[in-house]
There are 2 protein chains.
Amino acid sequence: MAPRNDARRGTTIYSVADTAGVSIATVSRVLQGSPLVSERTTRKVLDAVAELDYLPSGAARSLAVRHHDTYGLVLPELNGPYYAELLVGFETRAAELEKSVMLVLAGTKEDRDSALRTLATRVDGIAVFGSDAYVVSSGKPVVVIAGHARAGIEAIAAENVEGARLLTEHLLVDHGRTNLRFVGDIAAAADLLERYEGFTAAHRERGLTPPEPVRAEFRERDGTAVAELLLAGDLPADALVCGNDELALAVMARLTDGGVDVPEDIAIVGWDDVMTARYVRPGLTTVRQPVQELGALAADRLHDLVSGAAPSAERRVLASEVVIRSSCGCPPGHPAG
Amino acid sequence: MAPRNDARRGTTIYSVADTAGVSIATVSRVLQGSPLVSERTTRKVLDAVAELDYLPSGAARSLAVRHHDTYGLVLPELNGPYYAELLVGFETRAAELEKSVMLVLAGTKEDRDSALRTLATRVDGIAVFGSDAYVVSSGKPVVVIAGHARAGIEAIAAENVEGARLLTEHLLVDHGRTNLRFVGDIAAAADLLERYEGFTAAHRERGLTPPEPVRAEFRERDGTAVAELLLAGDLPADALVCGNDELALAVMARLTDGGVDVPEDIAIVGWDDVMTARYVRPGLTTVRQPVQELGALAADRLHDLVSGAAPSAERRVLASEVVIRSSCGCPPGHPAG
DNA sequence: TTGTATGCGTTATCAC
DNA sequence: GTGATAACGCATACAA
């Protein structure tokens, strides 16, 4: 028996069944595109749908089919192109898979937990950037991006240590720098730590003892703070491997303003290949990660997991690419310059 | 009678009711934080919840309460900081309102329609960037961002024409330029058209006939194409008002490489104040919009609409701010450089 | 080809 | 305080 449809409290499948003169089962069938409905009835139903401006209830459907056709994506923030690209890759692939995406940006610790809890309530699976205690224990399929794998949790990432090793090596051998420093907060993110590992590896391979990292957040002002140190002579170095481009750019700008020549006096390299990196002079040598592909991969893995696949034990890592410009000491003039 | 709970097909409110030895009504009450449950029962329920790792079904809840506690956001893309900031503002405000956000990036025309249709199915209201035929007719509350209002549809935007008028005036009177061109595809977006209107207004106020706009997309390569025209002498101009910063930056870079002096030979201004704008030399004069606030406002308006407020007939516009650097001809040295 | 009836997992209105 | 139980709006197995 149809629920009361007295009030104009939203058109339901019952209303269209009524005005089309068929049962709700039939309405449901034509809406699903079932082939076993007569053309005539199909038309009647479609007409009713159009007439009533019928909009199905996603909640009711999800409840009936027992899944949400929605994936969650949890990002720490959205500054700079990195996370945006990740999001694009994820959303695009999800759209291809005909899944909706719910986004949550990690705010305060407390808000975050609550937001994540309700997120888990509305999706089939979640992709998190970095490791997150709660999400991981939500029971739903999870893939962590650029974080560490755990039992039963898949992890994917872009290559970090090898790229950093190459970059460091480039500075050490190709440019003969002898006093490198890594700048970035290696405690803040797993991938930063890995970049530092590449940095140390390149040193150790040559019998050098790797210097301690110079702590700095990603913000621009942290970069200028580091530059001040350099300018004041409190931080001797002839090359800087920065945790990301924002940092590198900020340091470079302040240094240049302060009269030091990059890369003559000090070489600087970054990570991410943001737009500014190719507009600034000297062009910033950096590393380009396949960020969009990473996002797409996250959606793909989630899809497999949700479809019942067992989480793979080893994490997949996508290759990154060193982009040489001239802040490392190489001559300018490369095409991408 | 409780549905069969034989299989481990996900823990439901019935399972926790069972293991807690209470009714589902009671479970629901403690989960809602109802005050009229005894402390003892509360504890029992909470224990059961913890033991079973119970995760409620958002779909079931939405169906019961007849709303989704979710807002949809439809963006054309996510290149550059503009949309990202809009998204941040929207998500942040939505989170404060305890709403989830579903994001859809407009892909192909066809995919888009389908995606929007199902989006409407899962949310209480939708914020769209620009005008979108389908969303507007979805029946759900809609607010359009940076587009035109229609009957029953709220619109919000950042100030465009006045900013453009000011910028143009600055070039015309403060720097005595006489041959300005507006570059950008004014047919592509409502706000670009408005910027062009400001451009023409400044001309007309002085009895000048405003030149036709130079068509160009937002992509960088379109900017370099325009620069080639200039370089070849096919486009006489001593000042360019570009539709956005990416365009301005690309033009400026190609021009500089081609040996023309900015701003001596030609002044260039942009729009958006992207990060590169302050790192590049000369610093790019541009306009900063309150993008994040715009996103937050969208969420706010949506919230009011969903709460039953009548859509306001006039659109709200947030003030933008001209950022003077030196690509317009002003001397460098301002704090923001 | 179409209709009937039931389940999906909550919330909320009654009773007790 | 707590427990039945009726919606909520759809999908679908089973009948017809």
Side-chain angles (χ1 to χ4, degrees), chain A residues 1-18 20-45 48-49 52 54-69 117-118 120-124 139, chain B residues 1-18 20-45 48-49 52 54-69 118 120-122 124 139:
Chain A
M1 171 198 48
R4 66 188 145 83
N5 193 37
D6 37 316
R8 214 147 293 83
R9 50 171 62 231
T11 81
T12 72
I13 197 173
Y14 289 99
S15 11
V16 345
D18 272 2
V22 301
S23 77
I24 63 164
T26 298
V27 175
S28 182
R29 288 194 191 98
V30 337
L31 262 32
Q32 311 286 317
S34 166
L36 30 66
V37 184
S38 86
E39 188 175 339
R40 214 176 78 82
T41 351
T42 299
R43 170 170 316 285
K44 284 195 303 185
V45 171
V49 165
L52 299 180
Y54 169 60
L55 192 66
S57 158
R61 166 168 228 285
S62 294
L63 183 55
V65 300
R66 311 165 71 99
H67 58 256
H68 307 271
D69 287 319
R117 206 170 307 273
T118 95
T121 269
R122 294 149 148 69
V123 303
D124 299 325
Chain B
M1 169 199 49
R4 64 189 146 83
N5 192 37
D6 37 314
R8 216 147 290 84
R9 51 171 61 231
T11 82
T12 73
I13 199 173
Y14 288 99
S15 13
V16 347
D18 272 2
V22 300
S23 77
I24 63 166
T26 297
V27 175
S28 183
R29 287 195 191 96
V30 336
L31 261 33
Q32 312 283 318
S34 166
L36 30 66
V37 185
S38 85
E39 189 175 340
R40 215 175 78 82
T41 6
T42 299
R43 171 170 314 285
K44 284 195 303 185
V45 170
V49 165
L52 298 180
Y54 168 62
L55 192 66
S57 157
R61 163 169 228 284
S62 293
L63 182 55
V65 300
R66 310 165 71 96
H67 58 256
H68 306 271
D69 286 319
T118 95
T121 271
R122 295 148 147 70
D124 299 324

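Labels below follow one simple rule: chain letters A, B, ... track the order of the sequence lines, proteins then strands, and each chain is numbered from 1. Just so it is clear, the structure is predicted and the values come from calculations on it, not from any experiment.
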- Note on the structure: Which of C/dG9, D/dA11, C/dT10 is nearest the side chain of A/R66? It is C/dG9
- Query: Base, sugar-phosphate, or nothing: which does A/V27 touch, judged by heavy atoms less than 4.0 Å apart?
  - Reply: nothing
- So how far is it from B/R61 CZ to B/H68 NE2, rounded to the nearest 0.5 Å? 12.0 Å
- Is the distance from OP1 or OP2 of C/dT11 to the nearest side-chain N or O of B/S28 less than 4.0 Å? yes
- In whole angstrom, give the distance that lies between atom OH of A/Y14 and atom P of C/dA5. 12 Å
- Sugar-phosphate, base or nothing in reach of B/T26, heavy atoms under 4.0 Å: sugar-phosphate
- What nucleic acid atoms does A/S62 come within less than 4.0 Å of, heavy atoms only: base, sugar-phosphate, or nothing? nothing
- Message: If you compare every side-chain N and O of A/T41 against the phosphate oxygens of C/dT2 (OP1, OP2), does one of them come in below 4.0 Å?
- Response: yes
- Item | Separation of atom CZ in A/R61 from atom P in D/dG9, rounded to whole Å | 17 Å
- Message: If I take atom NE2 in residue A/H67 and atom P in nucleotide C/dG7, what distance separates them, rounded to the nearest angstrom?
- Response: 20 Å
- Message: Looking at every non-hydrogen atom in both residues, tell me the closest pair between A/D124 and A/D69 and how far apart they are.
- Response: OD2-N, 2.7 Å
- Measuring from A/R43:CZ to A/S38:OG, what's the distance to the nearest 0.5 Å? 10.5 Å
- side chain to side chain contact (heavy atoms under 4.5 Å, CB included), paired with B/V37, selected from B/V27, B/V45, B/V30: B/V30
- Query: How far does OG1 of B/T12 sit from CG of B/D18, to the nearest 0.5 angstrom?
  - Reply: 8.0 Å
- In whole angstrom, give the distance that lies between atom CZ of A/R29 and atom P of D/dC10. 15 Å
- Item | Atom-pair distance (CG on B/D18; P on D/dG3), nearest Å | 12 Å
- Task: Can you tell me the distance, in whole Å, between the CD1 atom of A/I24 and the C1' atom of C/dC8?
- Result: 13 Å
- Message: Does A/E39, at its CD atom, have more than 12 non-hydrogen atoms belonging to other residues, nucleotides or ligands within less than 6.0 Å?
- Response: no
- Query: Atom CD of A/Q32 to atom C1' of D/dG9: distance rounded to whole Å?
  - Reply: 13 Å
- Query: Once you round it to whole Å, what is the distance between C1' of C/dG9 and CG of B/L55?
  - Reply: 12 Å
- Note on the structure: Between A/A25 and B/L36, whichever has its closest DNA chain D nucleotide further toward 5' is B/L36
- Task: Report yes if at least one side-chain N or O of A/T12 is closer than 4.0 Å to OP1 or OP2 of D/dC8; otherwise report no.
- Result: no
- Under 4.0 angstrom between B/S57 side-chain N/O and C/dG9 OP1 or OP2: no
- Message: I need the minimum non-hydrogen distance between A/S34 and A/L36, along with the two atoms involved.
- Response: OG-CD1, 2.8 Å
- Message: Both B/S23 and B/A64 contact DNA chain D. Which one's nearest nucleotide lies toward the 5' end?
- Response: B/S23
- Task: Enter the inter-axis angle for the ends of the helix from C/dT1-D/dA16 to C/dC16-D/dG1 (five pairs per end, rounded to 10°).
- Result: 40°
- Looking at CD1 of A/I13 and OH of A/Y54, how far apart are the two atoms once the value is rounded to the nearest 0.5 Å? 4.5 Å
